[in-house]
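For reference, the structure is listed below as structure tokens.
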Amino acid sequence: MITMTDLFCGAGGSTAGALQIPGVRVVMAANHSRHATDTHQHNHPDTDHDCADISQIVPTKYPRTDILWASPECTNHTRAKGRKRGHGEFTGGLFATDGTDEATIRSRATMHDVARFAEHHRYRAIIVENVPDARWWGPEEAPGFAFDTWVRSVALWGPYEYRVIYLDSAHAQAAGPGARSRRPRMYVVFWRKGDRAPDFGKWLRPYGTCPRHGRVQLLQSWKRTKMCSPERPWGVYGIKTGQYVYRCPRVECRHQIVEPQVRAAAEAIDFTLPAETIGERRTPLVPNTMRKIRDGWEKYRRAAETGHLIKPYMIELHGGGSTHRPASQPMSTLTAGGINHGIVYADRAPYELLPYYGTSRTQPVTVPMPTLTTRDRHGLVGYAESLEQCRYRMIRSSEAARAMEFPDSYVFLGDRDQTIEMIGNAVTLNVGRDLVGMVVEALTGKEVTCPDIAMAA
């Protein structure tokens, strides 16, 4: 039996993922939020719980376990807050009167709780989750200085070896399917010096289809930019705008760039839920929303004999680097600030599968689906004579939870806003599963498999 403590546990994504690994028991979970702690306890009654400000907890209060998972507050590390990094934190001090945001500093300081608990418990392994921007925690004159100091302060207590990894939840698919939503995160994995190191190559390489070599396990490849390099990795995935890509491991194709296989946001959407057509709405949508909907309509429709075939697509109302994306791709990152995702789709021809590209005919869904290619040629594509016949609605919290890989049976205790906050703050279950599985395999020396989880095709 491998035991684990989950600090800053939230609603329980990391715990639920860890428990998918055979032989893992989550002994202790703690969080400052009452509704999150209640939710965690409701879904994981065999785990002991503490609703408390962890910075005020003496580590001896909690039992010693093999693994510590910690998800310190990330909101005030990200540039999404709209502030420069290091805003006053290293000039005015915690109780400064110069406008320094004490709540922000206290939020960032939760990272230090990891070192406090490591000092007492000397865990066999530690996994810390945060946003990629936490890597640059420090004063503006020396970005990353505080982070580097923090990593060393934790590593001294093992003493530990460590590795900083950058992983999108959509690509965490070693022990089962990836997530149906994007969630780029930084994870710092610590293990004791002298112990077996985790097999990062086995557990962190998603699959993709190389045009020359077929299905292969891909290699993470870092770009050389002002902020990152292969020698100093940092960032998020993206062929055009990200800091790293994935490549085929074979030299014959010159390590061609390959898109990892991903799951569709559409898998998390319940298309049976009621949604008005755009033309039926009594209150018109605001101009900016309609602009994004029209942009998507122009991009994802294809002319048919008397109308248009249209693939379902998502629009993103606030934040992020895009305004719309096909529902055949993972949902963009969900946040605690609210659901900003809408779904646009048209009614389908009854029981028909419509090839979106090429000249193939419509087929009944009872006929086996033709061979799929990396271009995603087939899908349940709708038909509309005009944009006004398309349906539009915001996604529900249950769909957001599904995109984060929470099972439909998972119960969230709280009102709508609290539920959305818990989902937006959560760790996707598949990442908890894969990273804990990777560490457990290193600790036990036994291969970890999840027999009850279907592997991604």
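Along the sequence shown, the residues carry numbers beginning at 1.
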Stepwise side-chain hydrogen bond (donor to acceptor under 3.5 Å, both in side chains) test for R247 and S221: CA-CA 7 Å; R247 294 180 180 273; S221 176; 3.1 Å; yes
Distance in Å, R301 CZ paired with K311 NZ, rounded so as to fall on 0.5 Å steps: 14.5 Å
Side chains of H40 and T47, donor plus acceptor under 3.5 Å: no
Is any side-chain heavy atom of H324 less than 4.5 Å from a side-chain heavy atom of M314? no
Using side-chain heavy atoms (C-beta onward) and a distance below 4.5 Å, is C253 in contact with C210? yes
Backbone N or O of C228 within a donor-acceptor pair of the K223 side chain at under 3.5 Å? no
How close do A36 and M422 get, counting heavy atoms only, and between which atoms? CA-SD, 3.6 Å
Determine whether the aromatic ring centres of residues W191 and F200 are separated by less than 6.0 angstrom. yes
Non-hydrogen side-chain atoms of R212 and Q256 separated by less than 4.5 Å: no
Begin with the C-alpha distance, continue with both residues' side-chain angles, and end with the deciding distance and a verdict on side-chain hydrogen bond (donor to acceptor under 3.5 Å, both in side chains) for S397 and T419. CA-CA 7 Å; S397 59; T419 297; 5.7 Å; no
So among E259, Q243, R182, which one has a side-chain hydrogen bond (donor to acceptor under 3.5 Å, both in side chains) with Y237? E259
Taking C-beta and beyond as the side chain, do M4 and I21 meet within less than 4.5 Å on heavy atoms? no
Step through the shown structure and confirm whether more than 12 heavy atoms of other residues, nucleotides or ligands are within 6.0 Å of CZ on R122. yes
Does Q173 reach the main-chain N or O of Q261 with its side chain, forming a donor-acceptor pair under 3.5 Å? yes
For a quick test of reading the model, state the closest non-hydrogen atom pair linking R34 to C51 and the distance between them. NH2-CB, 3.3 Å
If we only count heavy atoms from C-beta on, is the H213 to E252 side-chain gap below 4.5 Å? yes
Whether R416 and E421 form a salt bridge (side-chain N of Lys/Arg under 4.0 Å from carboxylate O of Asp/Glu) is what I want to check. no
For salt bridge (Lys or Arg N to Asp or Glu O under 4.0 Å), just list the numbers for D270 and R396, CA-CA rounded to whole Å, side-chain angles, deciding distance to a tenth of an Å, and then say yes or no. CA-CA 9 Å; D270 184 355; R396 308 285 180 88; over 6 Å; no
For a quick check under 3.5 Å, do E405 and Y410 share a side-chain donor-acceptor pair by atom type? no
Carboxylate-amine/guanidinium contact D295 K299, below 4.0 Å: no
Do you know which two heavy atoms are closest between A400 and L334, and how far apart they sit? O-CD1, 3.5 Å
Are the side chain of S181 and the backbone N or O of A403 linked by a donor-acceptor pair below 3.5 Å? yes
May I ask you to establish whether R215 and Y207 are in a cation-pi arrangement, using a distance under 6.0 Å from NZ or CZ to the six-membered ring centre and at most 45° from the ring axis? yes
Locate the shortest heavy-atom distance separating I420 from G338; write the atom from each residue and the value. CG2-CA, 3.6 Å
Here the gap from W297 atom CH2 to I315 atom CD1, rounded to the nearest 0.5 Å, amounts to 14.5 Å
Would you call the rings of F412 and F406 parallel, tilted or perpendicular, where under 30° means parallel and over 60° means perpendicular? perpendicular
Set out, in order, the CA-CA distance, both residues' side-chain angles and the distance that settles side chain to side chain contact (heavy atoms under 4.5 Å, CB included) for T5 and I67, then state yes or no. CA-CA 6 Å; T5 297; I67 300 172; over 6 Å; no
Salt-bridged, E441 to K202, with N to O below 4.0 Å? yes
Donor-acceptor under 3.5 Å (R196 side chain, T444 main chain): no
Pair T3, D66: side-chain N/O donor-acceptor within cut-off below 3.5 Å: yes
Given side chain to side chain contact (heavy atoms under 4.5 Å, CB included), test W234 with M227 step by step and report yes or no. CA-CA 7 Å; W234 169 82; M227 300 295 291; 3.8 Å; yes
Determine, stepwise, if the pair R205 / D199 fulfils salt bridge (Lys or Arg N to Asp or Glu O under 4.0 Å). CA-CA 11 Å; R205 293 170 55 189; D199 189 347; over 6 Å; no
If I take atom SG from residue C248 and atom NE2 from residue H255, how far apart are they, to the nearest 0.5 angstrom? 8.0 Å
Euclidean distance, R263 CZ relative to N430 CG, rounded to 0.5 Å: 8.0 Å
When you measure from the side chain of T209 to the backbone N and O of G214, does any donor-acceptor pair fall under 3.5 Å? no
Side chains of H32 and D50: does their closest heavy-atom pair fall under 4.5 Å? no
Taking every non-hydrogen atom, the tightest pair across N130 and P72: ND2-O, 3.5 Å
Closest non-hydrogen atom pair between A327 and I343, with its separation: CB-CD1, 4.3 Å
Quick check, are the ring centers of W203 and H171 under 6.0 angstrom apart? no
Would the distance check show the side chain of Q418 and the main-chain N or O of D415 forming a donor-acceptor pair, the cut-off being under 3.5 Å? yes
What I'd like to find out is whether the side chain of L19 reaches to under 4.5 Å of the side chain of V436, using heavy atoms alone. no
Of V427, L7, T15, V128, the residue whose pairing with W69 passes side-chain contact (heavy atoms from CB on, under 4.5 Å): V427
W137/W150 under side chain to side chain contact (heavy atoms under 4.5 Å, CB included): CA gap, chis, key distance, verdict: CA-CA 10 Å; W137 177 27; W150 169 80; 3.8 Å; yes
Do D168 side-chain atoms and R185 backbone N/O form a donor-acceptor pair below 3.5 Å? no
Run the ring-centre check on W157 versus H121 and record whether the distance is less than 6.0 Å. no
Are L413 and H35 close enough that some pair of their side-chain heavy atoms sits under 4.5 Å apart? no
Nearest-0.5 Å distance that lies between atom CD1 in I54 and atom CG in N31: 6.0 Å
Given the rule in the ring-ring contact (aromatic ring centres under 6.0 Å, His included) test, do F117 and Y123 qualify, once you have shown the distances and angles that lead to the verdict? CA-CA 9 Å; F117 277 78; Y123 302 98; 7.5 Å; no
Carefully, step by step, assess S14 and D6 under the rule side-chain hydrogen bond (donor to acceptor under 3.5 Å, both in side chains). CA-CA 8 Å; S14 45; D6 194 347; 2.6 Å; yes
Centroid-centroid under 6.0 Å between W222 and Y166 rings: yes
Applying salt bridge (Lys or Arg N to Asp or Glu O under 4.0 Å) to D408 and R402, what does each step give before you reach the verdict? CA-CA 7 Å; D408 290 344; R402 200 175 297 136; 2.9 Å; yes
Can you tell me how far the CG atom of L273 sits from the CD atom of E399, to the nearest 0.5 Å? 5.5 Å
Salt bridge or not for D347 and R391, using N-O below 4.0 Å? yes
Over 60° means perpendicular and under 30° means parallel, so classify the ring planes of Y300 and Y313, tilted if in between. tilted
